[in-house]
Structures are given as C-alpha cells and as structure tokens.
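Here's the structure, in structure tokens; my notes come after.
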Amino acid sequence: METESHIVAYKTLGLVLGALLVLTAVTVGASYIDLGWMNVWIALMIASTKAGLVLVVFMHMKFEGRAVVWSFVSTVLFLAIMIGFIFWDVAFR
Amino acid sequence: MILAGSWIHLPTSQREPELTVQTDQTGKKLGMWLFLYTEIILFGALFVLYAVYFARYTQDFIAGAKELDRVFGVINTIILLVSSFFVAASITAVRKDHKKIALAGLGGALGCGGIFLVNKYFEWGHKIALGIYPGAEKLVDGPAGQNLFFGLYYVITGLHGLHIVIGMTLLSVSLVLVQKQKITSKNDALLDNCGLYWHLVDLVWIFIFPLFYLVV
C-alpha cells in the first residue's frame with residue numbers, strides 16, 4: 001500500500017506547531033507597530049503563511065494527488081476573483 | 001463483477017476477497033475536500049463583507065477591535081493550534097498503530113475544543129453585559145461602522161463556534177471508533193476526514209484572529 005509514505009513524523013508535527021506559535025507571536029508583535037495601511041496586509045500575509053503550514057503538513061496536502069491540489073487552487077482562485085470583482089463593483093459605484 | 005452469493009461456496013483459496021471489500025480512499029478524501037471548498041467559500045464570503053465594510057468604515061472598525069479583549073484572542077489561537085497538532089498527531093499514531101497515543105491526541109483535541117468554547121462563553125458574556133450585542137440600543141444608535149463590526153463579529157465567531165461544536169462531535173465519534181478498533185491503520189479514512197474538518201476550523205480562526213483582534 002502507498003499509505004506507508006503518508007506518515008508524518010511526530011517531530012515534524014511538533015516543529016510545525018512551534019512555527020505556528022512563533023508566527024502568532026510575530027503577528028501580535030507586528031500589530032503594536034503602527035505602519036498605517038501596511039498593518040492589515042502584514043497580518044494577512046502572516047495568516048496566509050500559517051494557513052499554508054496547516055494545509056501542507058497537518059492536512060497532508062503535500063501527499064495529495066493532482067485532483068485535490070488543483071481543485072484547491074481553483075477554489076482559492078475563485079475566491080480571489082470573487083473578492084476582486086466585489087471590490088471593483090464597490091469602488092466604481 | 002461476481003454475482004452475490006455465487007462465489008461464497010467456492011473453497012477459500014479460490015475466493016477473491018479483495019473484491020468483497022471495496023474502499024476508495026481517494027474518492028472519500030476528494031469528497032471531503034469538495035465539501036471543505038464550500039466551507040471556504042462560505043467563510044470567504046463573510047470575510048469579503050468584512051473587507052468591504054472595513055474599507056468604508058476603517059475608523060469605526062478600529063474602535064470596535066479595541067473593545068475586544070486581545071488576551072482571549074491570543075489564548076484561543078494557541079488552543080486551536082495545539083488542538084490541530086493533537087489531531088494531526090493522532091492520525092500519525094493510528095497509521096503507526098499507536099492506539100494509546102491516538103486516543104490521547106483525540107482526547108487532547110476535544111479538551112482544547114472545550115476550553116475554546118468556555119473562553120468564547122465568557123468573552124461573549126462580557127460583551128453582552130456591556131450592552132454590545134446584535135440589536136442593542138448602544139449599537140443601533142451608535143456609529144454605523146461599529147454596529148457592522150460587532151454584527152460581523154457575532155455572525156462570524158458564532159458560525160465558527162458552531163463549527164467547533166460539529167468538529168468536536170466528529171472527533172468524539174472518531175475517538176470511540178479508534179477505541180473499538182473500527183478505525184485502524186488499514187481503515188482510517190473517517191479519522192482523516194474528521195481531521196480535515198477540524199483543521200479547516202483552525203484555518204478559519206487563523207484569519208478571524210488578526211481581522212477582529214489585531215486591527216488597531
């Protein structure tokens with residue numbers, strides 16, 4: 001069976017948890033520094049990095065085949081188009 | 001296909017047992033992901049709503065975020081990250097046939113979920129005691145942006161809390177099935193899918209936390 005290679009070591013999971021906690025501390029710290037409109041984007045970038053770690057390691061995305069990977073990418077693209085068009089609509093009313 | 005019953009009378013050596021147990025691990029997982037995409041769009045749409053109103057009422061949103069207690073936000077973030085680790089570890093444990101670790105992981109994740117909900121109860125309770133709740137006079141008569149901020153706060157964290165309750169139910173079912181040896185290293189699709197759901201709930205919180213608690 002191919003399941004043998006799908007086992008993520010406890011140590012890897014622990015390291016990812018450590019990275020997620022560090023990133024949480026970073027995002028809290030960054031919020032105390034006033035960077036104007038940049039603050040929101042920095043917070044979103046850190047959140048996206050954390051989400052990526054959870055997806056790739058905890059949710060085993062790195063072991064998934066093309067069907068799951070590309071359908072996921074399509075969903076994110078769809079969300080991006082939805083967000084883009086809504087802002088486009090709101091901005092030119 | 002072999003007609004039902006026709007092969008049963010054959011000697012064991014001539015049966016083809018792999019035909020009798022049909023599991024489609026890939027299909028089960030893809031099905032779960034398709035469901036998760038609908039969840040992503042559901043929360044995604046609410047985040048768009050947040051983003052559009054944030055752009056229009058930035059100062060009101062910042063004032064609203066200042067009224068939320070950061071400590072609750074940070075503690076709940078840590079709790080959910082740890083719970084996700086517990087669930088991921090329990091999946092590794094099941095695949096390695098470490099039943100006790102798997103049970104401990106699921107139990108730990110359930111405990112984390114419970115603490116999260118208790119925190120949420122105190123957090124909401126405190127806000128409601130201060131007169132900040134949907135339809136409250138203080139919000140309705142106050143600045144429109146703050147009314148929107150707290151409306152979104154209750155809808156998004158409420159929907160997320162409901163997902164925590166559903167996720168805890170799924171994890172409890174998994175825990176019982178691991179205990180009964182119904183979920184094993186050879187048959188772990190259900191645990192995998194429950195784990196995916198729990199991680200998605202964590203993913204949503206990863207975005208809720210900075211948007212509601214850290215906007216200053």
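Chain naming here is simple, since letters A, B, ... match the order of the sequence lines and numbering starts at 1 in each. Please read all numbers here as calculations on a predicted model, not as lab measurements.
Of the two parts of B:L203, only the side chain, counted from C-beta on, holds a non-hydrogen atom closer than 4.5 Å to a non-hydrogen atom of chain A. Contacts of A:V40 with chain B are made by side-chain atoms alone, with heavy-atom separations under 4.5 Å and no backbone atom involved. Residue A:S74: no heavy atom, backbone or side chain, is found under 4.5 Å from chain B. Contact of A:M59 with chain B is made through backbone and side chain together, with heavy-atom distances under 4.5 Å. With a threshold of 4.5 angstrom between heavy atoms, A:V68 approaches chain B through its backbone and through its side chain. Interface residue A:L17: only side-chain heavy atoms are found under 4.5 Å from chain B. Of the two parts of B:K186, neither the backbone nor the side chain holds a non-hydrogen atom closer than 4.5 Å to a non-hydrogen atom of chain A. Using a 4.5 Å cut-off between heavy atoms, A:F87 touches chain B through its side chain atoms alone. Contacts of B:F54 with chain A are made by side-chain atoms alone, with heavy-atom separations under 4.5 Å and no backbone atom involved. At a 4.5 Å heavy-atom cutoff, the contact between A:I86 and chain B is made by side-chain atoms alone.
Among the residues in residues 84-92 of chain B, those with a non-hydrogen atom closer than 4.5 angstrom to a non-hydrogen atom of chain A are B:S84, B:F85, B:A88, B:A89, B:I91, B:T92. Using a 4.5 Å heavy-atom cut-off against chain A, the contacting residues of residues 65-75 of chain B are B:R70, B:V74. Listed in order of number, the residues of residues 99-113 of chain B that approach chain A to under 4.5 Å between heavy atoms are B:I101.
The environment of CE in A:M38 is sparse: at most 12 heavy-atom neighbours from other residues, nucleotides or ligands sit within 6.0 Å.
Taking CG of A:N39 as the start and CG of B:L214 as the end, the distance is 9.5 Å to the nearest 0.5 Å. For the atom pair CG of A:L55 and CD1 of B:I206, the computed distance is 8.5 Å after rounding to the nearest 0.5 Å. The line from OG1 of A:T24 to CG of B:L80 is 10.5 Å long, rounded to the nearest 0.5 Å.
For A:F72 against B:I40, the heavy-atom pair with the smallest separation is CE1-CD1, 3.8 Å. Nearest heavy-atom pair, B:F207 versus A:L44, reported as atom, atom and distance to 0.1 Å: CD2-CD2, 4.2 Å. Annotation for A:S71 and B:L30: closest pair OG-CD1, 4.4 Å, computed over non-hydrogen atoms.
When the candidates B:K96, B:K29, B:R56, B:H199 are compared by the number of heavy-atom contacts under 4.5 Å with chain A, B:H199 comes out ahead. In terms of non-hydrogen atom pairs under 4.5 Å with chain B, the most contact-rich of A:A43, A:S48, A:A9 is A:S48. Interface remark: of the candidates A:Y32, A:F78, A:W37, A:Y32 forms the most heavy-atom pairs closer than 4.5 Å to chain B.
Judged by a 6.0 Å distance limit and a 45° cone about the ring axis, A:K50 is not positioned over the six-membered ring of B:F209.
A:L21 is not listed as a side-chain neighbour of B:T77, based on a closest heavy-atom distance of 4.5 Å or more. A heavy-atom distance below 4.5 Å is not found between the side chains of A:I83 and B:F47.
Residue pairs meeting the salt bridge (charged side-chain N to carboxylate O under 4.0 Å, His left out) criterion with at least one partner in residues 84-93 of chain A, sequence neighbours excluded, are A:D89-A:R93.
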